[in-house]
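Can you keep this structure in mind? I'll have questions shortly.
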Amino acid sequence: MKNEVTDYNIDDLDRDKQTTWDGVRNYQARNFMRDDMCVGDLAFFYHSNADPSGVAGVMKIIKTKITDPTQFEKKGKYYDEKATKAVPRWFCVEVQFVKNLKNFVGLPEIKQNKKLKGILVAQKGTRLSVQPVSKEHFKEIIRMSSV
DNA sequence: GCCAACGTTGGC
DNA sequence: GCCAACGTTGGC
């Protein structure tokens with residue numbers, strides 16, 4: 001799960017302990033949160049627009065299928081006039097801080113690692129802010145962060 | 001700040 | 001339903 005590092009990063013989550021991952025306005029990203037995430041799942045916190053960008057920490061999904069409250073906030077950045085309380089359009093999840101990676105795993109290292117071949121985040125044109133990571137890739141990134 | 005890639009919008 | 005125009009993402 002990506003977020004711009006200057007906007008909200010792993011240290012903010014460490015301080016807050018948990019947060020609602022709202023404001024996602026892409027259908028594919030929404031579908032991953034709505035349909036594929038389960039309570040107890042682990043997720044990476046990825047810093048985008050960082051120097052370098054990459055995986056900073058681990059979080060746990062503690063609540064799923066939350067109706068994104070920001071779609072109803074008229075003056076907010078994420079307001080969606082087509083969403084109604086009866087038929088909401090955007091859903092999100094609640095995440096809990098698990099840990100900072102001992103060592104940050106940058107996108108260049110991810111791209112160089114042959115064991116991470118096919119990982120979505122390293123593919124050209126993949127801009128999704130929420131995307132799946134296979135168990136093997138997840139373990140490999142954890143391994144990279146602890147050496 | 002540039003730009004490639006891709007999503008969304010709206011005219012027809 | 002096509003597709004051009006426009007907007008956004010995000011690495012570099």
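A, B, ... follow the sequence lines: proteins, then strands. Residue 1 opens every chain. Source: prediction; values computed, not measured. Reckoned from all heavy atoms, side chains included, excluding hydrogens, waters and symmetry mates.
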With ILVMFWY side chains joined below 4.5 Å, transitively, what does A:Tyr78's cluster contain besides itself?
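Answer for A:Tyr78: none, a lone residue.
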Looking at residues at least two apart in the chain, or sitting in another chain, which of them share a side-chain hydrogen bond (donor to acceptor under 3.5 Å, both in side chains) with A:Arg30?
none
Check side-chain hydrogen bond (donor to acceptor under 3.5 Å, both in side chains) between A:Gln18 and all other residues, then give those that pass, not counting sequence neighbours.
A:Glu94
To which residues is A:Phe32 joined in a hydrophobic cluster, defined by side-chain heavy-atom contacts under 4.5 Å among Ile, Leu, Val, Met, Phe, Trp and Tyr, whether direct or through other members?
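Taking Ile, Leu, Val, Met, Phe, Trp and Tyr as members, A:Phe32 shares its hydrophobic cluster with A:Met1, A:Tyr8, A:Ile10, A:Leu13, A:Trp21, A:Val24, A:Met33, A:Met37, A:Phe45, A:Met59, A:Ile61, A:Val93, A:Val95, A:Phe97, A:Leu128, A:Val130.
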Carboxylate-amine/guanidinium proximity below 4.0 Å for A:Arg143 and A:Glu140:
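Between A:Glu140 and A:Arg143 there is a salt bridge, with a charged N closer than 4.0 Å to a carboxylate O.
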Remaining members of hydrophobic cluster (4.5 Å side-chain criterion), A:Val105:
A:Leu42, A:Phe44, A:Tyr46, A:Val55, A:Val58, A:Val98, A:Leu101, A:Leu107, A:Ile110, A:Leu116, A:Ile119, A:Val121, A:Val133, A:Phe138, A:Ile141, A:Ile142, A:Met144
Apply ring-ring contact (aromatic ring centres under 6.0 Å, His included) to A:Tyr79 and list each qualifying residue two or more places apart in sequence or on a separate chain.
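Here no residue qualifies.
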Partner set under salt bridge (charged side-chain N to carboxylate O under 4.0 Å, His left out) for A:Lys77, not counting sequence neighbours
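Result, salt bridge (charged side-chain N to carboxylate O under 4.0 Å, His left out) vs A:Lys77: none returned.
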At a cut-off of 3.5 Å, list every protein nitrogen or oxygen paired with a nitrogen or oxygen from nucleotides 4-6 of chain C, distance to 0.1 Å.
none

Go through the structure and list residues passing side-chain hydrogen bond (donor to acceptor under 3.5 Å, both in side chains) with A:Asn49, not counting sequence neighbours.
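side-chain hydrogen bond (donor to acceptor under 3.5 Å, both in side chains) check on A:Asn49 returns A:Glu4.
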Does anything in residues 23-37 of chain A reach DNA chain C, meaning a heavy atom under 4.0 Å, and if so which residues?
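Residues of residues 23-37 of chain A that come under 4.0 Å of DNA chain C do not exist, since none gets that close.
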Which residues pass the salt bridge (charged side-chain N to carboxylate O under 4.0 Å, His left out) test with A:Asp36, not counting sequence neighbours?
none
Using the 3.5 Å cut-off, write out each protein N or O paired with an N or O of nucleotides 7-11 of chain C and the distance between them.
residue: C:dT8; atom: O2; partner: A:Arg127; partner atom: NH1; Å: 2.8
residue: C:dT9; atom: O3'; partner: A:Arg127; partner atom: O; Å: 3.2
residue: C:dG10; atom: OP1; partner: A:Lys2; partner atom: NZ; Å: 3.3
residue: C:dG10; atom: OP1; partner: A:Arg127; partner atom: O; Å: 2.4
residue: C:dG11; atom: OP1; partner: A:Tyr46; partner atom: OH; Å: 2.9
residue: C:dG11; atom: OP2; partner: A:Asn49; partner atom: N; Å: 3.2
residue: C:dG11; atom: OP2; partner: A:Ser53; partner atom: OG; Å: 2.7

